[in-house]
There are 2 protein chains.
Amino acid sequence: MATMHDVARLARVSVSTVSYVLTGARPISQATRDKVLAAMTELGYQPNAMARGLASRRSRIIGLLMPMDERGLGATETAFVTGAAAAASAAGYHLVLSPVCDLDDLRRLASQRMLDGAVLMEVQVEDARVTALQEAGVPLVLIGRTGDTTGLSYVDIDFDQTVREAVDHLVGLGHRRIVYVNHSAAAIATGYGPAVRTRDAFVTAMTGHGLEPVMIPAQDSAAGGRAALAAALTEAPDLSAVLVMNENAIFGILGELTNRGLVVPHDVSVVSMVTSPQVAELANPALTAMTSPGSALGRIAVEALLRQVEGAESADHQQLLPCALEVRGSTSPAAREAVVIGGDHIDQTGSGPPGM
Amino acid sequence: MATMHDVARLARVSVSTVSYVLTGARPISQATRDKVLAAMTELGYQPNAMARGLASRRSRIIGLLMPMDERGLGATETAFVTGAAAAASAAGYHLVLSPVCDLDDLRRLASQRMLDGAVLMEVQVEDARVTALQEAGVPLVLIGRTGDTTGLSYVDIDFDQTVREAVDHLVGLGHRRIVYVNHSAAAIATGYGPAVRTRDAFVTAMTGHGLEPVMIPAQDSAAGGRAALAAALTEAPDLSAVLVMNENAIFGILGELTNRGLVVPHDVSVVSMVTSPQVAELANPALTAMTSPGSALGRIAVEALLRQVEGAESADHQQLLPCALEVRGSTSPAAREAVVIGGDHIDQTGSGPPGM
DNA sequence: ACGGTTAGTCGAAACGCTTCGACAGCCGAG
DNA sequence: CTCGGCTGTCGAAGCGTTTCGACTAACCGT
């Protein structure tokens, strides 16, 4: 394995000159640069990452910390990762994904000066990783938000706007009775950001239309989805549309609809939030969904982090990106309107006054 | 940030002694060791990974190279990753996941001496990454197999046994007309290992039971699944069971069965191969599946790699693990038997003679 | 003609660790 | 006893970079 010394000797220059050619830290004449470059290719020289890291105190590695539960990574998270990796690679950094969940592991990784910076996925409202990394002095960008974001950089989905667009889409199709299926009650109680924010946004959006916001929590599983749909039909038997913020429950919901003889979208329209096209296409009919800006989130997070790492930016980077509405086969105009005119089989019991 | 010098000074020993305490490369008296350890905790000392790597020519990092397509990681791959990470962590190594797909990127990573070894996921029959890493002199363990495995270490699923068990399960339930839905024809043609191996195993298993092996390729998508099921019903209208080796097509298959009024498992039994419990539970009814030994695969691969890295093992490690049959709601005894006795609504046209 | 920049290069000192050779003391075998 | 071989410790030489200070030569405005 060739070293800088070998290159320098072959090019008949000093080692530091070779280094300057590589890093551009000082000007080098074109003639010298060419000689050095030629020597490098002749020797197949590759700088030693460890030596470089030791001398420069920068590893040129940024970590993408993603807790991996059994569920696996959805297409959304994957897009995020590839976006981040591309951005890092473009800037000459390596992006390593670390599945560390163990806090000690993380602390070790950080204090061994192995990471120039870190992007945190799946941030909780109270996230011990954040303080651990801050204490270790590792620059940080979050995907999602902690409760208190002062002094932190983050990129997150604009849940407000996303929910509003989804509701507008359904209302525009004539739906009035829309049920929101969220994550589990436990997740909401512990303050899981997306669950809480979308809940609030749903209430705002619905009341803005003069409609009652009916909301049902659901476990993150097919069974949870089935139970949630049953609960939804109990609470709002006249529902004509379901807005789902739970990628794991959605198939259960669809299955239960089918079981009950309800046809999507004829009887019930379904919109899935923060869903990837791939998952949306798995359903039959394919789901109308709010597609998350996965790869853009990843790219932006890494770019912000690198600015911070390279000292170019001291201010916090805080940014929200909306999801895009993609209409597929699971939504259609509300059959309800016609029914309201001609029929009476709508059970209005149990619904509060609209506009509350 | 404290260095070894600080620790040595505080403990009144030499730097090398501190190093020996840390690495155990030479014996150190208990008294000295205690002094050093005390100094370390007092200073909150953490070794600098870069310096250590430079001096020892070992990064204590192993890479898990996983191409990330848009589809994301299933629960199977995730289990694999966590298994591998746990094994690495237990051995004092860091496992970094690299989404690099670009060969130059990979070569750079390898020749910068940043990786002590690598585990390759999603190995193709002809995989350029293998030769690239071999040329860079990076120890290697594959998940899956290349066409020619001489001189290579790998861990893979025992497709033969897995298919045999699945077929036995169905045959044991009285099914005679079983269709195998594989990956796409293109994947098979390019020699994608799992597709080819399961195909061959299916033929063997079926003919061993005196049954005709009917096989249908499917694109890796819901639409592909629907098309495949349609094709299957054309080719074998009397089918009573479907064996699916395509996690992405399975929902399309189930959807198309429903569309055609066929009820699972009453009319058609479905077994999904190499599927995680999580995905199996998404379906309604939950899928009987051959569950892949994900985390064991990961652990074994890393352990084999580390033995190779640490020079303890020169011989290749080649090992196959079977998937476990988990019976859920998508399989039941063949209704066919009863029907054949009492009814006649089976369209027998187009089916070849059994046992060919 | 003169100090003051600037471009281009060099040598050497870090960076924080591992590891080798050396050596002192001590034990048991010959 | 004496020699070879352990045990425990030290000092110093790397590992392959970056980076700092210094130096030369050319170039600027005056």
Side-chain angles (χ1 to χ4, degrees), chain A residues 1-37 39-40 43-61 92 94 108 111-116 309-311, chain B residues 1-37 39-40 43-61 92 94 108 111-116 309-311:
Chain A
M1 194 110 307
T3 74
M4 268 182 73
H5 278 90
D6 303 328
V7 175
R9 196 175 324 121
L10 185 60
R12 312 194 151 281
V13 297
S14 76
V15 199
S16 48
T17 302
V18 177
S19 175
Y20 291 131
V21 168
L22 232 39
T23 64
R26 286 196 186 175
I28 293 290
S29 71
Q30 193 56 49
T32 311
R33 180 191 311 280
D34 290 346
K35 271 194 305 185
V36 171
L37 259 22
M40 282 184 183
L43 295 173
Y45 170 75
Q46 283 291 119
N48 178 308
M50 295 290 151
R52 185 197 280 253
L54 176 58
S56 65
R57 275 157 289 273
R58 309 279 258 23
S59 64
R60 308 205 129 249
I61 299 180
H94 289 294
R108 197 162 352 118
S111 49
Q112 289 188 152
R113 315 271 87 189
M114 178 136 258
L115 259 37
D116 284 353
V309 166
E310 303 192 330
Chain B
M1 194 107 309
T3 73
M4 266 181 77
H5 278 90
D6 302 328
V7 175
R9 197 176 322 121
L10 185 60
R12 313 194 150 283
V13 297
S14 75
V15 200
S16 47
T17 301
V18 178
S19 175
Y20 291 132
V21 168
L22 232 41
T23 63
R26 284 197 190 176
I28 294 289
S29 72
Q30 193 58 46
T32 313
R33 180 191 311 281
D34 290 345
K35 273 194 303 184
V36 171
L37 258 22
M40 281 184 184
L43 295 173
Y45 170 75
Q46 283 292 120
N48 179 308
M50 294 291 150
R52 185 196 278 255
L54 176 57
S56 65
R57 274 156 288 271
R58 310 278 265 9
S59 64
R60 308 207 126 247
I61 298 178
H94 289 294
R108 196 161 356 116
S111 49
Q112 287 187 154
R113 315 273 86 190
M114 179 136 259
L115 259 36
D116 284 353
V309 165
E310 302 191 332

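Labels below follow one simple rule: chain letters A, B, ... track the order of the sequence lines, proteins then strands, and each chain is numbered from 1.
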Query raised in the report: Base, sugar-phosphate, or nothing: which does B:Ser19 touch, judged by heavy atoms less than 4.0 Å apart?
Result: base
Requested in this report: Under 4.0 Å between any heavy atoms, over every strand shown, what does B:Val18 touch: base, sugar-phosphate, or nothing? Just pick one.
Outcome: nothing
Query - Spacing of A:Arg58 atom CZ relative to C:dC15 atom P, expressed in whole Å - result: 17 Å
Query raised in the report: What is the distance from CD of B:Gln30 to P of D:dT9, rounded to the nearest Å?
Result: 11 Å
Requested in this report: Would you mind telling me which residue lines up with the more 5' stretch of DNA chain C, B:Leu54 or B:Ser16, judged by nearest nucleotide?
Outcome: B:Leu54
Report task. Check the distance between C:dC17's C1' and B:Arg60's CZ and give it to me in whole angstrom. Result -> 13 Å
Query raised in the report: Nearest-Å distance, CZ (B:Arg113) to C1' (C:dT18)?
Result: 18 Å
Query - From A:Ile28 atom CD1 to A:Leu37 atom CG, the distance as rounded to the nearest 0.5 Å - result: 11.0 Å
Report task. Ignoring hydrogens and angles, answer whether the base of C:dG8 and the side-chain atoms of A:Ser29 contain a donor-acceptor pair closer than 3.5 Å. Result -> no
Query raised in the report: Under 4.0 Å between a side-chain N or O of B:Ser14 and OP1 or OP2 of D:dT9?
Result: no
Query raised in the report: Is the distance from OP1 or OP2 of D:dC10 to the nearest side-chain N or O of B:Thr17 less than 4.0 Å?
Result: yes
Requested in this report: For side chain to side chain contact (heavy atoms under 4.5 Å, CB included), just list the numbers for A:Tyr45 and A:Leu10, CA-CA rounded to whole Å, side-chain angles, deciding distance to a tenth of an Å, and then say yes or no.
Outcome: CA-CA 12 Å; A:Tyr45 170 75; A:Leu10 185 60; over 6 Å; no
Report task. Looking only at side-chain atoms of B:Ser56, point me to the closest of D:dT17, C:dT18, D:dT9. Result -> C:dT18
Requested in this report: Please check the phosphate of D:dT9 (OP1 and OP2 only) for any side-chain N or O of B:Thr32 closer than 4.0 Å.
Outcome: yes
Requested in this report: Return the value, rounded to whole Å, for the distance between atom CE of B:Met4 and atom P of D:dA12.
Outcome: 16 Å
Report task. State whether the distance check finds a donor on one side and an acceptor on the other, under 3.5 Å, for side chain B:Tyr20 versus base C:dC20. Result -> yes
Requested in this report: Measure across B:Ser19 and B:Met4 and return the closest heavy-atom pair with its distance rounded to 0.1 Å.
Outcome: N-CE, 3.0 Å
Query raised in the report: Which nucleotide in the list C:dC17, D:dG16, D:dC10 gets nearest to the side chain of A:Ala51?
Result: D:dG16
Report task. By nearest nucleotide on DNA chain D, pick out whichever of B:Pro27 and A:Pro47 is the more 5' one. Result -> B:Pro27
Report summary line: note: B:Leu22, atom CG; C:dT18, atom P; distance rounded to Å ~ 6 Å
Report summary line: Rounded to whole Å, the CG-P distance (B:Leu43 to C:dC17) equals 12 Å
Query raised in the report: If you look at every heavy atom in B:Arg60 and B:Asp116, which pair is closest and at what distance?
Result: N-OD2, 2.7 Å
Query raised in the report: Of the non-hydrogen atoms in A:Arg52 and A:Pro47, which two are nearest, and what is the gap between them?
Result: NH2-CG, 3.4 Å
**Report entry** Atom pair distance, as rounded to whole Å: CZ in A:Arg52 and P in D:dT18
**Finding:** 5 Å
Report task. Please tell me which of the listed nucleotides, C:dG16, C:dA22, D:dT17, lies nearest to the side chain of B:Arg26? Result -> C:dA22
